[in-house]
Amino acid sequence: MNGFSGWLRQFTAKLSAGLRNFMMGRYGTDRLNMVILSVGLVASLLSVILRAPVMDLVLFILSYGMMFWAIFRALSRNTYKRYQENRKFLQLVGRIKDREHRYFDCPKCRQMVRVPRGKGKISITCPRCREKFVKKT
Ligand SMILES: [Zn+2]
């Protein structure tokens, strides 16, 4: 019995070392991946619950697509690009959650400008290129 537990310990140690080695230089997981996986999970659950002939197929494909996407991102070696995706995603979530400001892109240089909400029509000056534009807040 001792032999087996010793072997098992060695085996799991080797396995985790192998996994660490395999994940070396790869991106791993982040908030965006968690959301992708959650959407995939919900889609797969709905595809089981729903008995609509076309919808459940669409949800089935969506759930697998989401899971493959999450795996692809976790195993990706292009960590910079994955990091940027996650950063953009978090930025978007921040924008949606922010009820006190509105966000505009400067029409000239695409710089993001944040202005207080509910001030009516205001003239906005881009902090980067000084371009002026009027927006309704
Ligand atoms: Zn600008």
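Atoms within a ligand are numbered from 1 in the order they appear, just like the ligands themselves. Fair warning: this is a prediction, and the values are worked out from it, not measured in the lab.
Inspection of the Tyr83 and Asp30 side chains reveals no N or O donor paired with an N or O acceptor under 3.5 Å.
Near the Zn ion (ligand 1), less than 2.8 Å away, sit the protein N, O or S atoms Cys106 SG, Cys109 SG, Cys126 SG, Cys129 SG.
Look at Asp105 and Arg128 and you find no salt bridge, because none of the NZ, NE, NH1 or NH2 atoms lies under 4.0 Å from a carboxylate O.
For an aromatic pair to be called close, the ring centres must be under 6.0 Å apart, and Phe68 with Phe72 fails this.
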Q) side-chain contact (heavy atoms from CB on, under 4.5 Å) between Leu32 and Arg82: does it pass, once the steps are laid out? A) CA-CA 9 Å; Leu32 177 56; Arg82 299 289 89 76; over 6 Å; no
Q: Tell me, with the steps shown, if Asn86 and Arg31 meet side-chain contact (heavy atoms from CB on, under 4.5 Å).
A: CA-CA 7 Å; Asn86 188 52; Arg31 283 281 298 281; 3.8 Å; yes
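Each of Val35, Leu37, Val39 was compared with Met66 under the side chain to side chain contact (heavy atoms under 4.5 Å, CB included) criterion, and only Val39 meets it.
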